[in-house]
Q: 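There's a structure below that I have some questions on.
Whatever order the structure lists ligands and atoms in, that order sets their numbers, starting from 1. When reading the values below, keep in mind they use all heavy atoms of this one structure, side chains included, and skip hydrogens, waters and symmetry mates.
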Amino acid sequence: MAHEPLIAPSILSADFADLGTEIDAVAGSGDARADWVHVDVMDGHFVPNLTIGLPVVESLLRRTDVPLDCHLMIEDPDRWAPGYAEAGAYNVTVHVEAARDPVMLAKNLRAAGAKAGLAIKPNTPLDDYVETLKHYDTLLVMSVEPGFGGQSFIPEVLDKVRTARRLVDTGHLRLLVEIDGGINSDTIEQAAEAGVDCFVAGSAVYGADDPARAVAALRERARAARSQ
Ligand code: DX5
Ligand code: ZN
C-alpha cells in the first residue's frame, strides 16, 4: 500500500527573487501544507539549464521548517551531493545516470543525516537498478526530461512506478516512490493509482493564484484516486 500522499511543491516555478515568501505560502497548516519543498539544483551540464546551489539551499534551510527535498540534476553527484545532506536537507536525490558509485553515495548521504534518493530519467530502465535501490530511501521517477518546468507528463513512466510499487509492497525494497514532472490535477490521479507516494508539482502549484489551495487540491485528488 502506498503511503498517505505527500505533496512536494517545486520552487523551480516560484519567483526566485522572493523564494522565502514563496515557501512560506505553502508552509501553512492542514492539507494545504507542503510535506516537502522540492528544490531543483541544475548545473548547466547534466541538464541544459542552470538554477541554484548549496548557498541558496542553506538560506532556505534557515528560513523554513518544511523538509527540503533536493533534486540534484548535476554531474559528479558523488562529489557534491553529501554537502546538501550535511547542510540539513531532508532528502537528497541524485541521478543514477550521473553517479559513479551510487551505493557508496547513498551510504555517504545517510551518514550525513539525510535520506538518500535515486532519480531515473524517463528512458532509464528501472530493472537494472533494483539491487542499488536497496540502499535508497526514495526513488524519483522522472515523468518529463529533466531540465525545465511546465512540460507535459509522460504516462509511459507509470510502468516503472507500478514495478517499484510491487517491489515495495512485496518487501523487496523499502522506499518511497516519488514522481516529478507534469503533475497537475489532471495527471495526479493516474500517478496515484499506479502507486506513487510523493508528488512533485511545480507549475501546478506556483502557477496557481493560490499555491496553498493548489497543494490541498492536489492532495485531495491523489487521495480520491487511491480510495477507488
Ligand atoms: C524538472 C524538475 C521538476 C520541475 C517540475 O527537471 O525536476 O521538479 O520543477 O515542474 P512541473 O511540475 O511544472 O512539471
Ligand atoms: Zn525536480
Q: Taking Ala116's backbone N and O only, do any of them form a donor-acceptor pair with Asp137's side chain (distance below 3.5 Å, no angle check)?
A: yes

Q: Can you tell me the protein heavy atom closest to atom 12 (O) of ligand 1 and the distance?
A: Gly202 N, 2.8 Å

Q: Using a strict cut-off of 4.0 Å, indicate which atoms of ligand 1 neighbour a heavy atom of His38.
A: 8 (O)

Q: Restricting to N, O or S atoms of Asp40, which is nearest to the Zn ion (ligand 2)?
A: OD1

Q: I need the atoms of ligand 1 closer than 4.0 Å to a non-hydrogen atom of Gly181, numbered in the order shown.
A: 14 (O)

Q: Who's the nearest protein heavy-atom neighbour of atom 13 (O) of ligand 1, and how far?
A: Ser203 OG, 2.5 Å

Q: Could you tell me whether the side chain of Asp197 and the main chain of Val177 form a donor-acceptor pair under 3.5 Å?
A: yes

Q: Test Asn91 against Thr138 for side chain to side chain donor-acceptor pair (under 3.5 Å), laying out the working first.
A: CA-CA 8 Å; Asn91 182 63; Thr138 58; 3.2 Å; yes

Q: How about NZ on Lys115, more than 12 heavy atoms from neighbouring residues, nucleotides or ligands closer than 6.0 Å, or not?
A: no

Q: Take Asp24 and Thr21 through the test side chain to side chain donor-acceptor pair (under 3.5 Å) and record every step on the way to the result.
A: CA-CA 5 Å; Asp24 292 347; Thr21 309; 5.4 Å; no

Q: Could you tell me the residue and atom name of the protein heavy atom closest to atom 1 (C) of ligand 1, and the distance to it rounded to 0.1 Å?
A: Phe148 O, 3.6 Å

Q: Which N/O/S atom belongs to His71 and is the closest one to the Zn ion (ligand 2)?
A: ND1

Q: Can you pull out the closest protein heavy atom to atom 14 (O) of ligand 1? Residue, atom name and distance to 0.1 Å, please.
A: Gly182 N, 2.8 Å

Q: Do other residues, nucleotides or ligands put more than 12 heavy atoms under 6.0 Å from the CZ atom of Arg223?
A: yes

Q: Is it true that the NZ or CZ of Lys121 lies under 6.0 Å from the centre of Phe46's six-membered ring and within 45 degrees of the ring axis?
A: yes

Q: To make sure I understand the geometry: which N, O or S atom in His38 is closest to the Zn ion (ligand 2)?
A: NE2

Q: Check each atom of ligand 1 against the heavy atoms of Met73 and keep those under 4.0 Å away; list them by number with element.
A: 6 (O), 7 (O)

Q: Counting heavy atoms only, which part of Ala201 comes closer than 4.0 Å to ligand 1: side chain, backbone, both or neither?
A: backbone

Q: Please check if the side chain of Asp43 supplies one atom and the backbone of Glu75 the other of a donor-acceptor pair under 3.5 Å.
A: yes

Q: Note the single closest protein heavy atom to atom 9 (O) of ligand 1, along with its residue, its atom name and the distance in Å.
A: Ser10 OG, 2.8 Å

Q: Look at the side chain of Asp15 and the backbone N and O of Glu22, then say whether any donor-acceptor pair between them is shorter than 3.5 Å.
A: no

Q: So which of Val200, Asn49, Asp40 gets nearest to atom 4 (C) of ligand 1, if we judge by its closest heavy atom?
A: Asp40

Q: What is the name of the N/O/S atom in Asp180 that sits closest to the Zn ion (ligand 2)?
A: OD2

Q: Kindly say whether His135 contributes a backbone atom to a donor-acceptor pair with the side chain of Arg110 at under 3.5 angstrom?
A: yes

Q: Measure the distance from atom 5 (C) of ligand 1 to every protein heavy atom, then report the residue, atom name and distance (to 0.1 Å) of the closest one.
A: Asp180 OD1, 3.5 Å

Q: Would you mind checking which non-hydrogen protein atom is closest to atom 6 (O) of ligand 1, with the distance to 0.1 Å?
A: Gly147 N, 2.7 Å

Q: Looking only at protein heavy atoms, identify the closest one to atom 10 (O) of ligand 1 and say how far it is in Å.
A: Gly149 CA, 3.5 Å

Q: Would you kindly say whether Asp69 and His71 are connected by a side-chain donor-acceptor distance under 3.5 Å?
A: no

Q: Output the list of atoms in ligand 1 that are nearer than 4.0 Å to some heavy atom of His71, sorted by atom number.
A: 7 (O)

Q: Non-hydrogen atoms of Gly150 versus ligand 1: any pair closer than 4.0 Å?
A: yes

Q: Considering only heavy atoms of Pro146, which atoms of ligand 1 have at least one such atom less than 4.0 Å away?
A: 6 (O)

Q: If only atom types and distance count, is the side chain of Thr64 paired as donor or acceptor with the main-chain N or O of Leu60 below 3.5 Å?
A: no

